[in-house]
Protein chains: 2
Amino acid sequence: MSEQLFPYTADMPRLVPRLDEQESAAWLALVSLLELLPSALDSQLQRDSELTHFEFAVLSMLKFAGEPIRMSELAAATSATLPRLSHVVSRLQRRELVEKVASETDRRATDVVLTDAGRRILVRATPGHIALVRRAVIDSLSREQLEQLTAIADSITNALDPDRRFAALVDGGLETRALRARSSTT
Amino acid sequence: MSEQLFPYTADMPRLVPRLDEQESAAWLALVSLLELLPSALDSQLQRDSELTHFEFAVLSMLKFAGEPIRMSELAAATSATLPRLSHVVSRLQRRELVEKVASETDRRATDVVLTDAGRRILVRATPGHIALVRRAVIDSLSREQLEQLTAIADSITNALDPDRRFAALVDGGLETRALRARSSTT
DNA sequence: TGCCTATGGTTGACGCAACAACTAAATGGA
DNA sequence: TCCATTTAGTTGTTGCGTCAACCATAGGCA
């Protein structure tokens with residue numbers, strides 16, 4: 001009788017140990033999540049606000065920062081590559097949701113700011129988005145599971161990006177900036 | 001002093017409650033994961049085996065099943081839409097990694113099987129892929145966290161797809177089939 | 001039998017992302 | 001000062017995914 005039960009436990013050269021049943025279950029569950037959740041986010045935002053989830057994240061970060069941000073900083077904050085961000089920001093600029101400003105301190109650099117229109121779109125898009133996030137994620141989990149999820153996701157992203165090149169910058173760079181920008185307008 | 005700390009706690013119409021700090025942390029961590037993990041999987045597989053992660057999943061499911069599978073069944077098993085799968089299977093067919101067979105019982109339906117070449121590619125691609133999955137996910141987590149992850153991911157996918165239209169079919173459809181197919185060749 | 005709807009799947013157009021190649025400006029020596 | 005290297009960002013190409021439209025068959029049911 002064969003022991004070959006799950007796809008990822010299938011026979012293969014044994015340089016790397018196969019996944020046991022528990023590991024396999026966790027991985028398959030995660031893979032399903034990786035397929036389903038992003039499309040759900042994109043289609044809700046696209047339908048209701050003509051934004052991709054990534055565009056929404058970019059606008060959110062800009063609003064959070066409250067002042068112009070370097071492209072490279074924004075890329076790190078959204079876990080994206082610079083080419084990707086560049087294309088997205090160009091599109092958002094064409095729609096007049098953001099503005100590009102040449103940096104004065106470094107003439108290679110580009111800073112990005114949210115326009116008023118961008119802010120309006122974002123504010124309008126947010127409730128529906130949060131509703132989905134709640135329905136799909138937050139409300140399906142207990143408080144304990146929320147903490148577990150945070151720890152688990154952090155472990156994985158840390159393994160994928162040990163140098164924190166794509167770290168969310170919420171603490172560190174952006175956060176202190178955001179507070180500064182905010183207090184200066186108070 | 002403003003309490004506006006995280007993007008998702010930003011002010012907005014209050015029809016839907018904002019995320020508190022714990023919810024926000026979990027969500028941001030998950031979003032980073034959703035950006036980083038898929039690209040890591042795709043780029044490893046692409047580099048080493050000229051496969052996307054989704055193509056790998058399709059081939060895996062076919063190997064697991066051990067016999068021709070309905071397109072629609074395969075779509076559910078891989079959490080994909082039928083158009084997406086159709087395109088992918090056509091590409092895989094062009095590369096002679098899978099074969100399409102007209103079903104005899106239902107003349108609208110298409111069944112898909114792994115070719116020998118497809119099996120070889122898959123076997124060659126698997127160790128490197130598993131190595132990444134281990135390095136990034138499995139080995140970063142404790143046994144307890146693996147169980148937590150399974151439960152959490154299942155809750156979320158269940159909320160996103162309550163009718164289980166995109167359920168992995170590992171138990172139920174495919175599993176029993178796979179066992180049957182396997183015992184018939186013993 | 002004939003129709004009507006539902007199901008299974010394919011196709012083409014369009015939009016977004018990855019990758020590589022490129023320009024321009026800054027930095028760090030010799 | 002001059003050159004080499006690194007950093008910041010943009011652009012073009014190519015490939016994949018989504019969506020809508022479509023065709024063909026199956027399954028009621030009158």
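By convention in this document, chain letters (A, B, ...) are assigned in the order of the sequence lines, proteins followed by strands, and residues within each chain are numbered from 1. Values reported hereafter were calculated over all heavy atoms of this structure, with side chains retained and with hydrogens, waters and symmetry mates removed.
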TODO: Please list residues of residues 87-95 of chain B whose heavy atoms come under 4.0 Å from any atom in DNA chain D, ordered by number; otherwise none.
DONE: B/His87, B/Val88, B/Arg91
Open item on the list: Is the phosphate of C/dG9 approached by B/Lys100 (side-chain N or O, under 4.0 Å from OP1 or OP2)?
Closed with: no
Task: side chain to side chain contact (heavy atoms under 4.5 Å, CB included) against A/Ala40, all qualifying residues, sequence neighbours excluded - done: B/Leu160
Open item on the list: Heavy atoms within less than 4.0 Å of DNA chain C: which residues of residues 34-45 of chain B have one? Give them sorted by number.
Closed with: B/Ser43
Open item on the list: Just to verify, what does B/Arg95 make a salt bridge (Lys or Arg N to Asp or Glu O under 4.0 Å) with, not counting sequence neighbours?
Closed with: B/Glu55
So which protein nitrogen or oxygen atoms get under 3.5 Å of nucleotides 2-7 of chain C's nitrogens or oxygens?
residue : atom : partner  : partner atom : Å
C/dT7   : O2   : B/Arg108 : NH1          : 2.6

TODO: Give the rounded distance in Å between these two atoms: CE of B/Met71 and C1' of C/dT11.
DONE: 12 Å
Open item on the list: Main chain of A/Ala102, side chain of A/Thr110: is a donor-acceptor contact present, judged purely on distance under 3.5 Å?
Closed with: no
Task: Span of DNA chain D, from the first to the last nucleotide whose atoms fall under 4.0 Å of chain A heavy atoms - done: D/dT7 to D/dC19
- [ ] Find which nucleotide of DNA chain C each of A/Arg107 and A/Gln46 is nearest to by heavy atoms, and output the residue with the more 5' nucleotide.
- [x] A/Gln46
Task: Minimum-distance pair of heavy atoms, taken over all atoms of B/Leu51 and B/Phe56 - done: CD1-CD1, 4.4 Å
Open item on the list: What contact category does A/Ser103 fall into here, base, sugar-phosphate, or nothing, at under 4.0 angstrom with non-hydrogen atoms?
Closed with: nothing
